[in-house]
Amino acid sequence: SRVRVMELEESPDVTFELVGGLSSEIEEVREAVEYPLTKPEVFERIGVEPPKGILLFGPPGTGKTLVAKAVAHNAKATFIRMSGSELVHKFIGEGAQMVRELFTLARDRAPSIVFIDEIDAIGTTRTNDGTSGSAEVQRTLMQLLAEMDGFDNRGDVRIMAATNRVDMLDAALLRPGRFDRVIQVPLPDEKARLEILKIHTRRMTLDESVNLNNFANETESFTGAQLQAICREAGMFAVRRDAWAVTGDDIHEAIIKVRRDEPRSDSRMY
Ligand code: ATP
């Protein structure tokens with residue numbers, strides 16, 4: 001059903017405290033998305049137009065959706081998520097209609113933030129697209145561009161998108177008045193990894209010998225999503241041992257497991 005491709009949340013319960021690292025990226029997103037909703041009079045007074053669309057790009061699992069939800073929470077806005085790839089793969093023949101419905105819904109539920117995940121699925125460079133669905137994908141993209149062109153930067157619908165393939169995006173999407181603010185969401189550095197580990201162990205009983213600093217140091221090139229998986233797996237190891245607390249060994253084993261289960265490929269382009 002359509003519920004799967006469009007996910008709606010009234011003021012999601014994600015706060016900025018649940019996001020590790022990314023403080024400058026968060027500030028940039030707030031300026032572009034939240035403040036136009038919460039203090040439009042400042043933009044009015046200064047005479048500056050907020051950006052029309054904000055594109056977040058970076059590796060999968062680095063917190064793009066999390067940041068978008070936290071901004072919606074702070075702005076007390078409805079969060080409406082649509083997945084570009086689900087749209088293309090599950091709604092063949094209906095993509096353009098779904099995009100129209102997405103924007104109608106966003107206007108009805110304003111103030112709102114539209115978040116289009118994996119936008120590259122509908123907006124990949126035209127030249128190297130040989131799939132059979134490409135005419136349909138084209139129509140979906142055209143509808144998205146038309147919707148974006150048709151609404152006011154100063155309105156109470158803000159539009160965000162995410163991709164991990166910014167290099168592949170159709171240039172039409174990046175033109176002024178479309179996704180005209182691009183914000184990179186990088187892999188977490190050591191300090192950010194420590195924050196993320198703290199966030200995802202905050203409700204867990206850790207043995208007092210556990211020093212999360214060591215694990216932040218050992219997890220170079222892990223994403224936030226993988227760090228979350230490490231915390232969960234470590235907790236499961238402790239549960240299986242029927243232990244009182246999660247030990248450093250549990251975390252160590254969890255790092256090995258997550259590294260083995262989700263090897264990162266260096267050939268990917270971000
Ligand atoms: P994708 O491109 O795959 O959609 P994404 O960048 O949108 O990925 P999220 O969906 O936001 O990533 O991250 C998945 C989960 O990983 C989050 O729900 C959160 O639990 C955890 N996570 C990722 N990044 C962070 C972070 N910076 N701080 C805390 N948790 C994080």
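In listed order, ligands and their atoms are each counted from 1. Everything numeric in this text was worked out from a predicted model, so none of it was measured.
- Contact annotation: for H200 versus ligand 1, heavy atoms closer than 4.0 Å belong to the side chain alone.
- The environment of CZ in R203 is sparse: at most 12 heavy-atom neighbours from other residues, nucleotides or ligands sit within 6.0 Å.
- The protein non-hydrogen atom at the shortest distance from atom 16 (O) of ligand 1 is A225 CA, 3.2 Å.
- A salt bridge is absent between R158 and E34; no separation between the charged side-chain nitrogens and carboxylate oxygens falls under 4.0 Å.
- Residues N217 and N214 are not in side-chain contact: their nearest non-hydrogen atoms beyond the backbone lie 4.5 Å or more apart.
- Contacts between T65 and ligand 1, counted as non-hydrogen atom pairs separated by less than 4.0 Å, involve both the backbone and the side chain.
- Polar contact check, I196 against ligand 1: no nitrogen or oxygen pair lies under 3.5 Å apart.
- Checked by distance only, ligand 1 and G63 come closer than 3.5 Å through their nitrogen or oxygen atoms.
- Surrounding CD of E190 are more than 12 heavy atoms belonging to other residues, nucleotides or ligands, all under 6.0 Å away.
- The minimum heavy-atom distance between I54 and A32, with the atom names listed, is CG1-CB, 3.6 Å.
- Using a 4.0 Å cut-off between heavy atoms, D117 contacts ligand 1 through its side chain alone, with no backbone atom that close.
- Screening R241, K257, R232 for a salt bridge (Lys or Arg N to Asp or Glu O under 4.0 Å) involving D250 leaves a single residue, R241.
- When only non-hydrogen protein atoms are considered, atom 22 (N) of ligand 1 lies nearest to G224 C, 3.6 Å.
- Not one N or O of P60 is nearer than 3.5 Å to an N or O of ligand 1, by distance alone.
- No donor-acceptor contact under 3.5 angstrom links the side chains of T247 and D249, judged on distance only.
- From the protein, the heavy atom lying nearest to atom 8 (O) of ligand 1 is G61 N, 2.8 Å.
- With ligand atoms numbered from 1 in the order given, ligand 1 contributes 15 (C), 16 (O), 19 (C), 20 (O), 21 (C) to contacts under 4.0 Å with heavy atoms of Q228.
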